[in-house]
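What's counted below: heavy atoms across the whole structure, side chains too, no hydrogens, waters or symmetry copies. Note that the coordinates shown come from a computational prediction; the quantities given were computed from them, not determined experimentally.
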Protein chains: 2
Amino acid sequence: MPQEPIDAAKSLFIRRWGEMGATWGISRTMAEVHALLYLAPEPMCTDEVMDQLAISRGSASMNLRELENWGLIQRLHRRGDRKEYFQAEQDVWQMFETIMRERRRREVLPIMETIERCTDMIDQNHTKLRGDARRQVDDCRQRFADILEFCEMMNTMFNLMSQAGRTGVRSVAKQIGKFLRER
Amino acid sequence: MPQEPIDAAKSLFIRRWGEMGATWGISRTMAEVHALLYLAPEPMCTDEVMDQLAISRGSASMNLRELENWGLIQRLHRRGDRKEYFQAEQDVWQMFETIMRERRRREVLPIMETIERCTDMIDQNHTKLRGDARRQVDDCRQRFADILEFCEMMNTMFNLMSQAGRTGVRSVAKQIGKFLRER
DNA sequence: TAGCCTTTTCAGAAGATATTGAAAGGATCA
DNA sequence: TGATCCTTTCAATATCTTCTGAAAAGGCTA
């Protein structure tokens, strides 16, 4: 692919973005497709994606659909053209919000439910216990509570950041800085 | 393992924590070991970890070391005992800070460097270009700049949150809420 | 409806990652 | 020093994930 400097630069970024995605639990190829579309000046069709990344039709189809499920890319149709075209969300903040919202829904909320359930479980025969056994249960309970509190705090922070949005976050950061210096 | 409700609860949490870790690019077993140690009332030795999670000595050794590298657990020695014991960081906020710092170092900073390098690459023959080619390069440049700006903002937010710490973040959240309502 | 173009699906292959278990390496003690 | 106990290493293996490519399905047009 590398030919012009711009192609080399895009190619380099796409590879790195893919590698980074892999360490965050996103398949390398999916992250590469995302990067490719993010940098593309125009919406791309499946064949173009296949060619640029040297992947099979099946893989392209799967990864494009998955990205669509995440809400990170959009499917477009063009009049007089049977092909489908794909376009990535261009606003990085929007992208971040989308990813965080999905991850919260898929991963954070379930673990919060689990923790609540765990707490209920150990509360079952809590009052019957005495001495060391009781101490251990209380201890465990506290640890569950700590994680839960943390998750709730992160949710709050995320909500505030979403609300503030791209332009707002900078002012928010300033506010925090000021607040920290004053306290 | 499940016997007493507390064991069942711990076991459930450990499994879920492991699953969640897996979706965030941490191996399931490593996350399970971490959860096990986080909930343990006392430091545990390798054999106890092996037994509780039904994993091999090799796996236990590797995962414990990896957790130590991340700074999430500590290795302890006891007088008159040749075994090594492991203890997890108990403060959830500290834990979060450690994870974020490591991830930033390992994954965010490298991608920021890459983006800077990409920007330099496309700047090489930028002035020579005209018309559409030039427009495309400018466009691409802007996208790189957007991501970079985002990464920098996240760094700032992270630094502020670390500084604020456990107790501070709650007040900070309140401040932001107020600020957003007022603006 | 048939023909054409495109997308989706999925079983099998390939590739990546994690685990095992046994041998080697270290440390401590008598 | 030798015996003992514990940890680390690593090649082989198992497991999990992702990719491929061809067949099936979907859908538009004439």
Side-chain angles (χ1 to χ4, degrees), chain A residues 14-37 43-70 72-87 106-107, chain B residues 14-37 43-70 72-87 106-107:
Chain A
I14 289 167
R15 259 177 292 140
R16 264 260 192 283
W17 196 250
E19 286 160 15
M20 193 187 63
T23 70
W24 287 83
I26 289 153
S27 97
R28 209 193 71 255
T29 306
M30 188 168 131
E32 286 188 352
V33 173
H34 179 243
L36 178 66
L37 291 174
M44 293 176 80
C45 69
T46 309
D47 294 77
E48 285 170 325
V49 173
M50 286 165 61
D51 290 348
Q52 297 262 323
L53 300 179
I55 59 175
S56 71
R57 186 169 298 282
S59 182
S61 175
M62 295 278 265
N63 285 300
L64 286 166
R65 179 148 48 103
E66 196 60 12
L67 283 167
E68 204 188 356
N69 288 341
W70 274 81
L72 291 171
I73 67 172
Q74 224 186 340
R75 199 174 283 256
L76 300 175
H77 292 268
R78 282 177 178 172
R79 221 157 267 312
D81 191 342
R82 291 199 196 162
K83 281 204 191 73
E84 291 185 316
Y85 291 80
F86 301 90
Q87 184 177 38
R106 298 179 190 202
E107 294 140 22
Chain B
I14 289 167
R15 260 176 293 139
R16 264 259 191 283
W17 196 250
E19 286 160 14
M20 192 187 63
T23 69
W24 286 83
I26 289 152
S27 97
R28 210 194 70 254
T29 306
M30 187 169 133
E32 285 189 352
V33 172
H34 179 242
L36 178 66
L37 291 174
M44 293 177 80
C45 70
T46 309
D47 293 76
E48 285 170 325
V49 173
M50 286 166 61
D51 290 349
Q52 298 261 325
L53 300 179
I55 59 175
S56 71
R57 186 169 299 283
S59 182
S61 175
M62 295 278 265
N63 285 300
L64 287 166
R65 179 149 47 100
E66 197 60 12
L67 284 167
E68 204 189 356
N69 288 343
W70 274 81
L72 292 171
I73 68 173
Q74 223 186 340
R75 199 174 283 256
L76 300 175
H77 292 269
R78 282 176 177 171
R79 223 158 263 312
D81 191 342
R82 292 199 197 164
K83 279 202 192 77
E84 292 185 317
Y85 291 80
F86 300 90
Q87 184 177 37
R106 299 179 190 201
E107 294 140 23

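DNA chain C is contacted by A/Gly58, A/Ser61, A/Arg65 of residues 58-68 of chain A, taking any non-hydrogen atom closer than 4.0 Å. Listed by residue number, A/Arg75, A/Arg82, A/Lys83, A/Glu84 are the residues of residues 75-87 of chain A with a heavy-atom contact under 4.0 Å to DNA chain C.
Nearest heavy atom pair, residue B/Trp17 against residue B/Ala31, reads CD1-O, 3.2 Å. When all heavy atoms are compared, the tightest approach of A/Pro43 to A/Glu48 is O-OE1, 4.3 Å. Between B/Ser56 and B/Met50 the shortest heavy-atom distance is O-CG, 3.9 Å.
Nucleotide C/dT8 holds its P atom 11 Å from the CG atom of A/Asn69, rounded to whole Å. For the pair B/Met44 CE and D/dC6 P, the interatomic distance rounds to 16 Å; values are reported in whole Å. At whole-Å resolution of the value, CD1 in A/Ile26 and P in D/dT17 are 16 Å apart. Atom-to-atom, CG of A/Leu53 to P of D/dT20 comes out at 10 Å; the value is rounded to the nearest Å. One atom, CD of A/Glu48, and another, C1' of C/dT7, lie 16 Å apart when rounded to the nearest Å. Between B/Asp47 atom CG and D/dT7 atom C1' there is a gap of 10 Å when expressed in whole angstrom units. Rounded to a whole Å, the CE atom of A/Met50 is 12 Å from the C1' atom of D/dA22. The CZ-C1' distance, from B/Arg57 to C/dA24, rounds to 14 Å in whole Å.
The side-chain heavy atoms of B/Cys45 and B/Tyr85, taken from C-beta on, include a pair separated by under 4.5 Å. Using a 4.5 Å heavy-atom cutoff, the side chains of B/Met44 and B/Leu37 are in contact. With a 4.5 Å cut-off on side-chain heavy atoms, A/Gln74 and A/Glu68 do not count as touching.
The shortest distance between the side-chain N/O atoms of B/Ser56 and the OP1/OP2 oxygens of C/dT19 is not below 4.0 Å.
A salt bridge links B/Arg16 with B/Glu19: the closest approach of a Lys/Arg side-chain nitrogen to an acidic carboxylate oxygen falls below 4.0 angstrom.
Evaluation of the salt bridge (Lys or Arg N to Asp or Glu O under 4.0 Å) test over residues 52-61 of chain B, restricted to residues two or more places apart or in two chains, returns B/Asp47-B/Arg57.
Going from atom CZ of A/Arg28 over to atom CZ of A/Arg15 covers 11.0 Å, rounded to the nearest 0.5 Å.
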